[in-house]
Structures are given as C-alpha cells and as structure tokens.
Amino acid sequence: MTILPNILILLTALLVVFFQGAFNGVRHLLGAQVDLLPALMVYAALTSGPVMMMTLAVFGGLMFDTLSVNPLGISALPLLFIGFLLQLRRDLLLREQLYAQFTLGLIASALAPVMTVFTLFTLEQSPLLGWGSLWQWIVMSVGGGIATPVFFFLFDRLNHALGYQPIVESSFRADREIRRGRN
Amino acid sequence: MFKRPYYIALAIVALLILLVLNLPNGTTARFKTSLGSIFLPLFGITGVTQQATARAGDNLLPKSELIAENNSLRRQNQELRLQVAQAATSSNENERLRQLLGWQKQNRWNVKLARVILRDPANWWRTVQIDLGSRNGLSNKLAVLSPEGFLIGHVSSVSLTKSQVVLIGDDNCKVPAFIENTDRSQGVIIGSGPFDSSFVKLTHLPANAIAKPGQRVVTSELSAIYPKGILIGQIADNARLVESGLITEADVKLAANLSSLEEVWVLFP
C-alpha cells in the first residue's frame, strides 16, 4: 500500500477549503458557497481506512475553521460522524455506481451543515439563518452530490496514473509452442 | 466493521475535537493564526496569478485607449484638487467656529487601504479577511469602509499579516445608527437574513419614529467603534411597528456593495 493517495486526499482538502474562501463565483451565482469537504469525506471513507478517515476529518475541519469565524474544531465533528457512518456500512454501499456516489454525496453534504449549525447553537453562537438558509442548504447539498462522482473519477484517474501497475504476463512461450499439422 | 482499537481511536479523536472546541478564545485565536500559515503559499500563488493576469490585461490594451484614459484621469485629478482646496477652506472655517463655540475638536480620519483576500467559506457568517495585520498597526474594533467611504463593518480579529473583518448584517456586527431627518431617531442596525447581503434591518427605533424610503441612515455617536456620521444606507420601505407596537423597524438598503468588495479602507482613530 502506498501513502501517495492519502497525501493527495489531504492536499485536495487543503485546496478545496482555500478555493471555498478565495473564489466566489458560485456564491455570486447561486447565493451560497458549496462545501466540498463532505463530498471528499465520502470518497475517503469508501476508499481508505479508518485512520485516513479520521485524519481527513480533523485536518479538513481544522483548515475550514481556520479560514472561518467558526469555533476551531466545529467542522471536524460532522465530518468524523459522516466518515464513521460510511465506514460502518461500506461493505453494503455500491461505491462503484454513479447514482450511489451522488446520493451519498448529497446526504453527506446535507447532513454536515445541519450538524455544524446545531453544534453552533449548543455553543451559544448565533449564525446568520433565515428562510434564505433553506436555499443555501439545497445548493450545498446538490453541489456536494455533484462533486462526489467527480472526486471518485479524478482520484481513480490519479491513482491509475501514479500508482503501481502490475505487469500482466502471458503464459505463451514461443519455444514451447505445439505445432499441429503434418509439416 | 471496525475492530475495537478503531472504536477507541475514534473516541479519542472525538474527545480531542471537543477539547479543542472548549479551549479559551485566546488560545483558539493563536491556534488559528498558526494553522493559517499553512495557507500562506496559496495566498502567494493567488496574488502572483492575479498580478500576472492584470499585467497581461494591461499589455493587451491599445496605446490610444491608455492615452485617452490618462487624459481623463488628469482632468479628474485637477477637479479633485480643486475640491480638496475648497474642502480644506471649509474645514479650517469649521475648526475656527468650533473653537469659538468651545466645541470639542474633530479628529481627521486616518485610513489605510487593504485588499480583501478571502471570504468566510461558511454560509452562516458574513466576514472577509484583509491583507493588513498587526504589523501594519491594526487592532480589533477598527471601523472598515468601502472604497467609496460607506460603512461595511469592523475588524474582529488580527494576526501578524491578516485581519478578519466582520461585515454589517452578521450577528456579531450591530451598529448604532440614526436616520437623517428632523426626528433623528436612533436605532440599531442588525442582519436581515443570509441570502441578500444588500439589505439590513434598522431596529429598536422608538414607536413614534418617522422612517420614510430614501432617508439616509448614518452611524450615531453612541458607538465606541464607529465615528459619527458615516453613511450606512437608505431606508428601503416604510417603517413598521413590531414587538406588539413597542418598537419600530425598517429595512435599509446598504450603500456599499458587500458581495463585490475587493479593497477596503481601515479607519484609525
């Protein structure tokens, strides 16, 4: 097993968080910023081990909260919960199927902000909420749902390009060829 | 399924996160500053890319267009110089009259221009980060204005090279304000929702307050952060009674466009 895919996932988490803060095209267009960390967590939980899942939850969550006014660590809890749930049932999930990837991304991206806001309330914080939040929640969920198959596709390609490829050996040997016929 | 050691590891990680969540604010701020340094190379790359793009754009502009723009700016510069001279005369006169009346001397605004480098990635906060920090003399609770001079918020936390600005409309940015009319009713500016950042609410006005569309709303002298008289926006609709008729509330259209901030002024006392 190589450590490269895990480093790539963590690097992507860092880039994804920075992208969410620095580029606001989606925010201007749809009125909400899409959170891509839950989608990345779906990929990591279904393809890597528990250690990687926990590392991504902590690292991604802390990075997100560093750029945000969120209390430090608050985004890590929902990611950890989502990762844990997925790994608990990963044998039953059709991770190869596109619709399954989309559905899992959608559910994870819908669950993460709800859990974060709930935790914010328990910490006596007052996030900006209203009827518009419902639209933001839909945008975040659908955005996460769409991003999940994209992550699967990109990481599969990357792993294929950078990972070890076993050489397929044929059993054919020219000196052992049995020639049939009279001549 | 997980094995037992994994459940233990998971519990330890969850406990550690809860521990971090319950750290004192000062410690959390220091942690955030340290972790934020991981993003420094990305900030650098973004800055360099933006500069390169701008330079490429400049190179593509035809010379005739640049000359025309230069002439236009020269004319504008001369007009502004004239206005500054007039303003200086008025300011001196104002100062002299204040002295004669024994009023307190008005301080001039000291401002520093900052670039907006980041927006809050979470949808439930309305904050931005600017590229000035404590090494540029910034501290908490300094008023921040748009390039046109309209109020947009205040500095909420400062690191060495960056600062966080909480914008009007966020729950952590309540601004004492009054309506510029004969009545001069005092109220508080609060957020009106997460979706449209161009509107806020002016609430806690007296029940008999007069607020009509188009009237200007400016900062009041009751704030310890914002100097008096900075334009916030205009009343957008007729005021309405809320809280069983005890207070009046009105929607305010912000003068500054918060969704397209690129540069801001930080106001020093």
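Here is how names work: the chains are called A, B, and so on, in the same order as the sequence lines, proteins then strands, and each is numbered from 1. Treat the numbers as computed from the prediction; the structure is a model and nothing was measured.
Within 6.0 Å of atom CG in B/Asn59, more than 12 heavy atoms from other residues, nucleotides or ligands are found, so the atom counts as buried in its surroundings. Counted within 6.0 Å of CZ on A/Phe118, heavy atoms from surrounding residues, nucleotides or ligands total 12 or fewer; the atom is thus considered open. Heavy atoms from other residues, nucleotides or ligands lying under 6.0 Å from CZ of B/Phe31 number 12 at most. Crowding of A/Phe155 atom CZ: a count of heavy atoms from other residues, nucleotides or ligands under 6.0 Å exceeding 12.
Of all the listed residues (A/Thr116, A/Leu67, A/Val139, A/Thr66), the one sharing the greatest number of non-hydrogen pairs under 4.5 Å with chain B is A/Leu67. The greatest number of non-hydrogen atom pairs below 4.5 Å with chain B, out of A/Asp35, A/Leu123, A/Leu120, is found for A/Leu120. Taking chain A as the reference chain and counting heavy-atom pairs below 4.5 Å, the highest number among B/Ile117, B/Val20, B/Leu35 is found for B/Leu35. Interface remark: of the candidates A/Met63, A/Arg90, A/His28, A/Met63 forms the most heavy-atom pairs closer than 4.5 Å to chain B. Looking only at heavy-atom pairs under 4.5 Å with chain B, the residue among A/Gly73, A/Pro71, A/Pro127 that has the most is A/Pro127.
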Please test B/Asp171 against A/Gln125 for side chain to side chain contact (heavy atoms under 4.5 Å, CB included), starting from the C-alpha separation and ending with a verdict.
CA-CA 9 Å; B/Asp171 206 59; A/Gln125 301 274 334; over 6 Å; no

How far apart are the C-alpha atoms of B/Trp124 and A/Asn70, what are their side-chain angles, what is the distance that settles it, and do they pass the side-chain hydrogen bond (donor to acceptor under 3.5 Å, both in side chains) test?
CA-CA 9 Å; B/Trp124 43 83; A/Asn70 278 343; 3.1 Å; yes

Residue pair A/Val17, B/Phe39: steps toward the side chain to side chain contact (heavy atoms under 4.5 Å, CB included) verdict:
CA-CA 10 Å; A/Val17 171; B/Phe39 290 101; 4.0 Å; yes

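Here B/Cys173 contributes atom SG and A/Leu128 contributes atom CG; the two are 11.5 Å apart, rounded to the nearest 0.5 Å. For the atom pair CG (B/Leu42) and CZ (A/Phe19), the distance works out to 13.0 Å, reported to the nearest 0.5 Å. For the atom pair B/Leu10 CG and A/Gln87 CD, the distance stands at 9.0 Å (nearest 0.5 Å). Remark: A/Phe23 CZ to B/Thr46 OG1 distance equals 5.0 Å, nearest 0.5 Å. Atom CD1 in B/Ile12 sits 9.0 Å away from atom CE in A/Met54 (nearest 0.5 Å). Taken to the nearest 0.5 Å, the CG atom of B/Leu118 stands 10.0 Å off from the OG atom of A/Ser68.
With a 4.5 Å cut-off on side-chain heavy atoms, A/Phe18 and B/Ile45 do not count as touching. Contact annotation: the side chain of A/Phe84 never approaches that of B/Tyr6 to less than 4.5 Å [non-hydrogen atoms, C-beta and beyond]. Looking at B/Ile17 and A/Leu62, their side chains never come closer than 4.5 Å, going by heavy atoms from C-beta outward. The shortest distance between side-chain heavy atoms of A/Val69 and B/Val166 does not fall below 4.5 Å. Counting only heavy atoms from C-beta outward, the side chains of A/Leu77 and B/Leu18 approach each other to under 4.5 Å.
Heavy-atom distances place the side chain of A/Val117, and not its backbone, under 4.5 Å from chain B. For A/Leu30, the part sitting under 4.5 Å from any heavy atom of chain B is the backbone (N, CA, C, O) and nothing else.
Below 4.5 Å, heavy atoms of chain A meet no heavy atom from residues 140-154 of chain B.
In this structure, A/Arg27 and B/Pro121 approach most closely via the heavy-atom pair NH2-CA, 4.1 Å.
Partners of B/Val218 according to the side chain to side chain contact (heavy atoms under 4.5 Å, CB included) rule, which considers only residues two or more places apart in sequence or in another chain, are B/Phe178, B/Glu180, B/Arg216, B/Leu231.
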